[in-house]
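All chains are named by letter (A, B, ...) in the order of the sequence lines, taking the proteins before the strands, and each is independently numbered beginning at 1.
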Amino acid sequence: MVSTNPYNDFLKECQMALQNSIATLHLSIPAISFSLDAPPSPEFGELTSTISFEIGKKIKQQPRSLAKQIVSSIDVKDFPLMSAAKFAGTGYINFYANFAELSKITIDSTLALNDAYGHVQTEKPKNVIVEHTSANPISPINIGKARNPILGDALARILAARGHAVFRHFYIDDVGRQTAVVAYGYKKLGRPSLKEKPDHEIGLIYTLTSCIIEIIRLKLALEKQRNVSTEIKQKLQMQLEDWSSIAAELKGKHPRLFTELLEKISEDKDTENLINKLNQAYEAGEEEAKGLVREVCQLSLDGIKETLTNAEIFFDSWDWESEFTWNSDVTKTLKALKKTGYAFQEGPVLEFDADKVAEDYKLKHMLGIKDDHEIPSLTLTRADGTTLYTTRDIPYSLWKFRKADKVINVVGMEQKLPQQQLKLALWALGYANHAKNLTHFAHNLVTLPGYKMSSRRGRYITFDEVMKEAVKRAREEVEKRSPQLSKEEKERISRIVGIGALKYALIEVDPTKRVVFTWDRVINFERNSAPYIQYSYARSRSILRRVKETPKKFDYSLLTKPLEHDIIWELARYPEVFIISAENFKPNTIADHANLLADKFNSFYTAFPVIKAKPEALSEARLGLVKAVSIVLRNSLSLLGIIAPEKM
RNA sequence: GGGUCCGUAGCCUAGUCUGGAUAAGGCGCCGGCCUUCGGAGCCGGAGACCGGGGGUCCAAAUCCCCUCGGACCCGCCA
C-alpha cells in the first residue's frame with residue numbers, strides 16, 4: 001500500500017481513537033478540538049493529546065482521571081499504526097506508533113513515489129503567479145536584494161510541487177526617474193560599448209550619474225536659499241556634504257569615468273529638467289526616448305538574467321512596466337479611479353484616498369490595521385502628469401489576474417504600505433476578489449553590519465560577487481577532500497555546494513527577520529547548512545552505489561533502534577511539513593526539516609553498519625531506509641532550488 | 001508624532017499564527033572518537049528563568065495590556 005502522507009494516516013487513527021472513546025464514554029462537549037501535538041520527548045510517544053484538560057474544565061473533572069478513562073477504552077488492535085495509548089503527567093494522552101507498520105508504509109511509499117514523495121497535491125489547484133526579484137534594470141542584483149529571488153524561487157518551486165500551475169514573473173521597472181537618470185548618463189557618455197558584465201557597468205554609470213546630479217541639484221537649491229538662513233538651508237548643506245564625500249569616494253575608485261561624466265554633465269544647463277523630460281517622453285512612448293531607455297535597460301537586464309541563470313533561477317515571463325503606460329492601461333485605470341470618487345486632486349497632483357476605501361468597505365481589520373489609524377493617501381500622478389510606481393502597479397495587477405487566480409508578490413517588507421494601498425485601489429475599482437487573492441509575501445533584507453546597501457550610493461556587494469566567492473571557497477574544500485575527482489566534476493560540485501550554501505543561508509531564517517551579512521555566515525559548510533545536508537545525501541548515495549540492487553521487499557520489523565525510529569518518523573512527517581510550508585508560504589520549514597533529517601541520518605550512519613549489518617535481512621531493511629532518506633533529502637533540497645550531489 | 005516588524009545562552013537561529021510535560025539546533029568553548037559504508041562527520045559537557053513589568057488561564061516563549069531596545073515605513077522614490 002502506498003500512502004502520500006503516513007504521518008497523517010497515524011494522526012487520523014489517533015483522532016479516530018479519541019473520538020470513538022469520547023463517544024463511548026459520553027464525554028462529548030461542543031467545539032472540541034482533536035488536534036494533536038508533538039510531545040516534548042520520545043518517552044511520551046509520537047503524538048500527544050491534551051483533550052482531557054479541555055473536557056475536564058467543562059465538566060469539572062480531573063484531567064488525569066479522564067485521560068485514564070479515555071486510554072483504557074482505546075483498543076490499539078483497532079488501529080494498525082498504533083502500538084500503545086497511555087496517559088501520563090497531569091492528563092496527557094500519548095500515542096505510540098507501531099513502527100513495524102509505520103516503517104513499512106513510510107519506506108514503501110517513499111520508494112514508490114520517489115521524486116513525488118512528500119509533495120502532496122492540493123485538492124484545489126490554482127493558477128498562481130509568483131512575481132519576484134523585479135530588480136530595477138539599472139544596477140546588478142546586490143546581496144541585500146538577493147534574498148528576494150532565492151525566496152521567490154523556493155516559494156514558486158514549493159507551490160508547483162503542491163500541484164498549482166505556477167508562473168514566475170519578473171516585473172521590469174523600466175519606467176520612472178531612475179531609468180531616466182541612468183539613460184541620461186549613458187547618453188552623455190556617447191552610448192559606450194560595454195566591456196564588463198553589462199549590469200555592473202550600467203550600475204556604475206547609474207551611481208556616478210546619480211551622485212553628480214544630486215550634487216548639482218543640492219547646490220542649486222542652496223543658491224535659492226542664499227538669502228535666508230533657515231533650517232532647510234542647514235539640512236541641504238548637510239546633504240551636500242554627505243553626497244560630496246560619496247563623490248570623493250567614487251572619484252577615487254573610478255577617476256576616469258567620474259571625470260568624464262562630470263565634464264559632460266556640466267555642459268548641460270538644467271540637468272534636472274532634462275531628466276524629467278526624458279522620463280515624460282519615455283512614459284509617453286516617444287520613439288527616441290524608447291530607443292535610449294530600452295537599450296540601457298536591456299543591457300542591464302542581460303546581466304541580471306545571467307546572474308539569475310547562474311543561480312539556477314528562471315522565469316516564465318518578463319513583464320515590461322512601460323507596456324502598461326504605452327497601451328493606455330494606466331490611463332484607463334486612472335480614469336476608472338476618478339470615477340470611483342476615491343481619487344482627488346490636490347493642487348497639481350492626483351491622490352488616492354486609501355483610508356476612505358478602507359473605512360467605507362470596513363477593511364482595516366482584514367488588513368491588520370487598527371481602526372483609528374489613518375492610512376496615508378497614495379499619490380497617483382506627479383505635477384507633470386507622469387505616474388508613480390504603485391499607480392502603474394494597479395493595471396499590472398489587474399493584468400496578472402487575467403492570467404491567474406492567485407497572485408503572490410514577493411516584495412520587501414519596507415513596501416508594506418504601498419502594497420496595502422494597491423489592494424485598496426483594487427477594492428475601490430470593484431475587484432474585491434482580486435484584492436483578496438493578492439498576497440504580499442513580505443521579507444526582510446540582507447544588511448551589511450551597520451548600514452543598508454544602496455545602489456544610489458554605490459555601496460553594495462553584488463550577488464555575482466558573493467556567488468563567485470562561495471564557489472571559490474567550495475572549490476578549496478572539494479580540492480582538499482576529493483582530490484581524485486576530475487576537474488570538471490570538481491568544478492560542477494563546487495558550484496552546487498557554494499551556491500547551495502548561499503541559498504540555504506538566506507532561506508533558513510524566517511523571512512521577516514533580517515540577515516546581517518558576513519561572509520562566514522552566508523558561506524557556511526558546517527552543520528546547519530546546505531553542504532551538511534548535501535554531504536549527508538552524498539554519504540547515503542555512496543552506500544547505495546556499493547550494492548548492486550536494492551531489494552524490493554524488506555522486513556521492517558528489524559528496524560528497532562531508536563535512531564532508526566527517529567529517522568522513519570521524520571520521513572513519515574515530511575509530507576506534513578511540506579503541506580504546512582506550502583500553505584503558509586514558509587520555505588524555511590523545509591530547510592529546517594531537511595537539516596533535522598540529515599542530523600539523524602549522520603548519527604545513524606556512524607552508529608550502525610548498513611551493508612555489513614547482520615543478519616542480511618537487517619542489512620536489506622537498512623538499505624531501504626537509507627534509500628528513503630536519500631529521496632527525502634533530495635526532494636527537500638530541490639524545493640529550495642538546491643541540487644543534491646552524488647559526490648562532493 | 002503615527003504605524004509595522006523584530007528582541008530566545010558570548011554569537012546566529014528554531015519554536016510564537018493554532019497556549020500544554022525537563023525551551024530545540026548551530027557557531028564558539030571544554031573533553032572524547034582516524035568504530036566496518038566518505039571526519040563537510042560522530043559522542044559527551046558547561047552555557048538561556050525566552051528584553052522588562054503586569055494580566056488572562058488548570059497551564060504562557062506563545063494570548064492581552066503597558067514599557068524598553070533595534071530595524072523599517074509614513075516621498076510628486078522604488
Exercise. Just compare G41(B), C72(B), A14(B) and give me whichever is closest to any side-chain atom of Glu414(A).
Key: C72(B)
Quiz prompt | Nearest to side-chain heavy atoms of Ser542(A), which nucleotide of U13(B), C5(B), G38(B) | solution = G38(B)
Exercise. Using the C1' atom on both, measure G44(B) against A61(B) and round to a whole Å.
Key: 28 Å
Exercise. Test the Lys86(A)-Tyr96(A) pair against the cation-pi criterion, namely NZ or CZ under 6.0 angstrom from the six-membered ring centroid and within 45° of the ring axis.
Key: yes
Quiz prompt | By salt bridge (charged side-chain N to carboxylate O under 4.0 Å, His left out) - contacts of Glu321(A) (at least two apart) | solution = Arg392(A)
Practice problem: Check whether any side-chain N or O of Arg541(A) sits under 4.0 Å from OP1 or OP2 of G38(B), and answer yes or no. | Solution: no
Quiz item: Taking the C1' atom of each, how far is C68(B) from C27(B), in whole Å?
Solution: 29 Å
Quiz item: Salt bridge between Lys561(A) and Asp566(A), side-chain N to carboxylate O under 4.0 Å?
Solution: no
Self-check item: Counterpart base for G10(B), defined by Watson-Crick or G-U wobble contacts under 3.5 Å
Solution: C27(B)
Practice problem: Whole angstrom is fine here: how far is it from CZ in Arg382(A) over to P in C76(B)? | Solution: 10 Å
Using the 3.5 Å cut-off, write out each protein N or O paired with an N or O of nucleotides 45-52 of chain B and the distance between them.
none

Quiz item: Rounding to a whole Å, what distance do you find between Lys416(A):NZ and C6(B):C1'?
Solution: 12 Å
Quiz item: Who pairs with Phe578(A) by ring-ring contact (aromatic ring centres under 6.0 Å, His included), at least two apart in sequence or on another chain?
Solution: His119(A)
Exercise. Please tell me which of the listed nucleotides, G38(B), G70(B), C5(B), lies nearest to the side chain of Arg514(A)?
Key: G70(B)
Quiz item: To the side chain of Asp592(A), which of C42(B), G38(B), A14(B) is closest?
Solution: A14(B)
Self-check item: Residues which pass salt bridge (charged side-chain N to carboxylate O under 4.0 Å, His left out) with Asp199(A), listed by chain and number, not counting sequence neighbours
Solution: Lys197(A)
Quiz item: Could you state the CE-C1' distance from Met413(A) to C6(B), rounded to the nearest angstrom?
Solution: 7 Å
Quiz item: Quantified in whole Å, what is the C1' atom distance between nucleotide G19(B) and nucleotide C63(B)?
Solution: 7 Å
Acceptor/donor pairs from residues 368-381 of chain A side chains to any protein atom, 3.5 angstrom cut, sequence neighbours excluded:
residue   : atom : partner   : partner atom : Å
Ser377(A) : OG   : Glu351(A) : OE1          : 2.5
Thr379(A) : OG1  : Glu351(A) : OE2          : 2.6
Thr381(A) : OG1  : Leu350(A) : N            : 3.3

Self-check item: Selected nucleotide, minimal atom distance to Lys513(A) side chain, candidates C73(B), G41(B), U16(B)
Solution: U16(B)
Quiz item: The side chain of Lys57(A) lies closest to which of these nucleotides: C76(B), C58(B), C12(B)?
Solution: C58(B)
Quiz item: Which value, in whole Å, describes the distance between the C1' atoms of nucleotides C72(B) and G25(B)?
Solution: 29 Å
Exercise. In whole angstrom, give the distance that lies between atom CD of Gln415(A) and atom C1' of G75(B).
Key: 13 Å
Exercise. Please determine if Lys58(A) and Glu54(A) form a salt bridge, counting it only when a charged side-chain N lies under 4.0 Å from a carboxylate O.
Key: no
Quiz prompt | His373(A) side-chain proximity, nearest of C76(B), G3(B), G38(B) | solution = G3(B)
Exercise. For Tyr389(A) and for Ile493(A), locate the closest nucleotide of RNA chain B by heavy-atom distance; then report the residue assigned to the nucleotide nearer the 5' terminus.
Key: Ile493(A)
Quiz item: Does Arg64(A) place a side-chain N or O at less than 4.0 Å from the phosphate oxygens OP1/OP2 of C58(B)?
Solution: no
Quiz item: Parallel under 30°, tilted from 30 to 60°, perpendicular over 60°: which one fits the rings of Tyr396(A) and Tyr171(A)?
Solution: parallel
Quiz item: With sequence neighbours excluded, what pairs up with Phe517(A) under the ring-ring contact (aromatic ring centres under 6.0 Å, His included) test?
Solution: Trp519(A)
Quiz prompt | Spacing between Ile369(A) atom CD1 and C5(B) atom C1', to the nearest angstrom | solution = 14 Å
Quiz prompt | Residue pairs, two or more places apart or on separate chains, that pass salt bridge (Lys or Arg N to Asp or Glu O under 4.0 Å) and touch residues 529-547 of chain A | solution = Arg541(A)-Glu646(A), Arg545(A)-Glu646(A)
Quiz item: Please give, in whole Å, the distance from C12(B) C1' to Asn444(A) CG?
Solution: 15 Å
Quiz item: When the ring centroid of Tyr92(A) is compared with that of Phe53(A), is the distance short of 6.0 Å?
Solution: yes
Quiz item: Can you give one letter per nucleotide of nucleotides 17-34 of chain B, 5' to 3': B if a protein heavy atom sits under 4.0 Å from the base, S if only from the sugar-phosphate, - if neither?
Solution: ---BBB--BSS-------
Quiz prompt | Under the ring-ring contact (aromatic ring centres under 6.0 Å, His included) test, residues paired with His593(A) that sit two or more places apart | solution = Tyr574(A)
Practice problem: Would you mind reading off the distance between Asn602(A) atom CG and G38(B) atom P, rounded to a whole angstrom? | Solution: 13 Å
Quiz item: How would you list, by chain and number, every residue that makes a salt bridge (charged side-chain N to carboxylate O under 4.0 Å, His left out) with Arg177(A), sequence neighbours excluded?
Solution: Glu272(A)
Quiz item: Does a nitrogen or oxygen in the side chain of Tyr605(A) sit under 4.0 Å from OP1 or OP2 of G38(B)?
Solution: yes
Practice problem: Examine U13(B): is either OP1 or OP2 under 4.0 Å from a nitrogen or oxygen in the side chain of Arg521(A)? Give yes or no. | Solution: yes
Self-check item: Contacts of type side chain to side chain contact (heavy atoms under 4.5 Å, CB included), residue Ala594(A), not counting sequence neighbours
Solution: Ile533(A), Ser636(A)
Practice problem: Among G38(B), C76(B), C5(B), find the nucleotide with the atom closest to the side chain of Thr379(A). | Solution: C76(B)
Quiz item: When the nearest nucleotide of RNA chain B is assigned to Asp510(A) and to Thr447(A) on a heavy-atom basis, which residue is associated with the more 5' position?
Solution: Asp510(A)
Quiz item: Which whole-number value in Å describes the distance from Asn588(A) CG to U16(B) C1'?
Solution: 13 Å
Quiz item: How would nucleotides 60-69 of chain B be written as a contact map, 5' to 3', with B for base contact, S for sugar-phosphate-only contact and - for no contact, using protein heavy atoms under 4.0 Å?
Solution: ----------
